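Here's the structure we're looking at; comments come further down.
Residue numbering restarts at 1 for every chain, and letters A, B, ... go by the order of the sequence lines. Note that the coordinates shown come from a computational prediction; the quantities given were computed from them, not determined experimentally.
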There are 2 protein chains.
Amino acid sequence: MKRNASIDTPLFQVLTEIGIIAQLSGALFNKVLPEGLHVSHFAILNHLARIGDGQTPLQIAGAMQVAKGTMTHSLGVLERRGLVVLEPHPDDRRSKRVMLTDAGRAFRIAAVDILAQAMGGFSSEIDEADLGLLVPKLAELRKVLDANR
Amino acid sequence: MKRNASIDTPLFQVLTEIGIIAQLSGALFNKVLPEGLHVSHFAILNHLARIGDGQTPLQIAGAMQVAKGTMTHSLGVLERRGLVVLEPHPDDRRSKRVMLTDAGRAFRIAAVDILAQAMGGFSSEIDEADLGLLVPKLAELRKVLDANR
DNA sequence: ACTATATAGTTCGATATCGAACCAAGGAGG
DNA sequence: CCTCCTTGGTTCGATATCGAACTATATAGT
């Protein structure tokens with residue numbers, strides 16, 4: 001059937017699989033993460049620890065690919081927990097700078113350990129080298145999607 | 001730094017990329033889909049059209065990897081729009097069977113066209129064959145995650 | 001300088017999703 | 001049969017997210 005051919009394209013299949021995997025891994029992460037901390041919150045802490053803090057909310061939203069209103073919300077959660085502080089941006093009074101607190105760094109390290117442990121449980125069932133090859137392809141796909149949004 | 005090594009594993013990187021891609025493609029789909037129809041709703045219609053209707057809500061929830069409460073909600077949306085009907089299951093009075101209506105089939109075909117068109121815009125920027133190779137690996141990853149949830 | 005436009009964040013309403021509690025029906029053992 | 005456990009669905013409260021409207025500041029064009 002000609003009609004279905006248009007949707008059974010590799011791109012579509014990949015996106016379908018990816019959607020399901022994202023849902024599954026998100027659920028898995030949420031289960032092992034400490035009470036009240038969502039994957040998205042952890043992702044922000046992790047990003048700040050890796051790339052460096054002092055980024056603006058908008059920069060972080062761009063990196064995480066979420067709407068800026070969402071970022072306002074998430075940063076509020078993290079700030080209320082004392083994991084980050086928002087300070088005024090020195091060069092632009094509209095903007096903020098997001099800084100990790102010591103508690104935030106400690107929290108992230110603890111969460112990383114928990115996640116690593118949880119993933120270690122079944123990472124043996126997967127060919128790690130295989131996964132390594134996937135990363136650049138996925139990154140490329142992400143770039144294309146990002147450019148067309 | 002030893003500490004970061006535990007999280008900079010291929011598996012983790014892949015899941016991070018996948019999370020972002022899922023968010024991007026979901027947003028993209030939502031933008032092109034008709035008013036009020038969410039990707040998840042389309043996914044259900046598509047699943048029923050491909051696998052065959054008459055499935056129970058729980059079966060569909062399993063295939064989509066969403067909570068059953070979510071499925072109740074989504075099917076309600078689709079039913080209110082007349083795209084599916086829920087009929088009592090002949091063998092089990094607790095259960096239902098989800099049937100596509102003609103309108104549902106038509107709607108799906110239209111949506112497929114719209115999506116195919118939207119994706120066609122940038123699918124040329126990606127190596128389709130490359131993507132094809134990704135599918136089995138992703139499927140495998142999905143299985144492992146699924147088994148460990 | 002002055003106005004117009006763009007940008008950073010916030011706020012708000014709507015919706016998808018989850019998880020847990022719940023209800024109803026099936027099935028298993030005695 | 002009757003109880004106990006399981007299973008399919010629904011309901012409910014909480015939360016993440018989006019998109020759009022809004023505020024304040026910055027930048028550009030004239």
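Residue A/Leu83 holds its CG atom at 11.5 Å from CG of A/Asp102, rounded to the nearest 0.5 Å.
Rounded to a whole Å, the CG atom of A/Leu28 is 11 Å from the P atom of C/dG19. Note: NE2 (A/His73) to P (C/dG9) measures 17 Å, nearest angstrom. A straight line from CD1 of B/Ile60 to P of C/dA16 spans 16 Å, rounded to a whole angstrom. In this entry the distance linking CG of B/Leu75 with P of D/dT10 reads 8 Å, nearest Å.
Residue B/Thr72 is in base contact, counting any heavy-atom pair closer than 4.0 Å across all strands shown. Residue B/His89 is classed as having no contact, given no heavy-atom separation below 4.0 Å to the nucleic acid. Contacts of B/Asn30 with the nucleic acid, taken as non-hydrogen atoms under 4.0 Å apart, are absent. Within 4.0 Å of B/Ser95, counting heavy atoms only, lie sugar-phosphate atoms of the nucleic acid but no base atom. A/Thr70 comes within 4.0 angstrom of a base, heavy atoms only.
In this structure, B/His41 and B/His73 have tilted ring planes: the angle between them lies in the 30° to 60° band.
Donor-acceptor pairing under 3.5 Å, judged by distance alone, is absent between the side chain of A/Lys96 and the base of C/dG9. A/Arg93 contributes no side-chain N or O that forms a donor-acceptor pair with the base of D/dT25 under 3.5 Å.
A 4.5 Å side-chain heavy-atom check between A/Met71 and A/Val66 finds at least one atom pair inside the cut-off.
Across all their heavy atoms, A/Thr56 and A/Ser95 have their closest contact at CG2-OG, 3.5 Å.
For B/Gln59 and D/dG8, the shortest distance from a side-chain N or O to OP1 or OP2 is not below 4.0 Å.
Mapping A/Ala27 and A/Gln55 onto DNA chain C by nearest heavy atom places A/Gln55 at the nucleotide closer to the 5' end. Residue A/Ser74 is the one, among A/Asp91 and A/Ser74, whose nearest nucleotide of DNA chain D lies closer to the 5' end (criterion: closest heavy atom).
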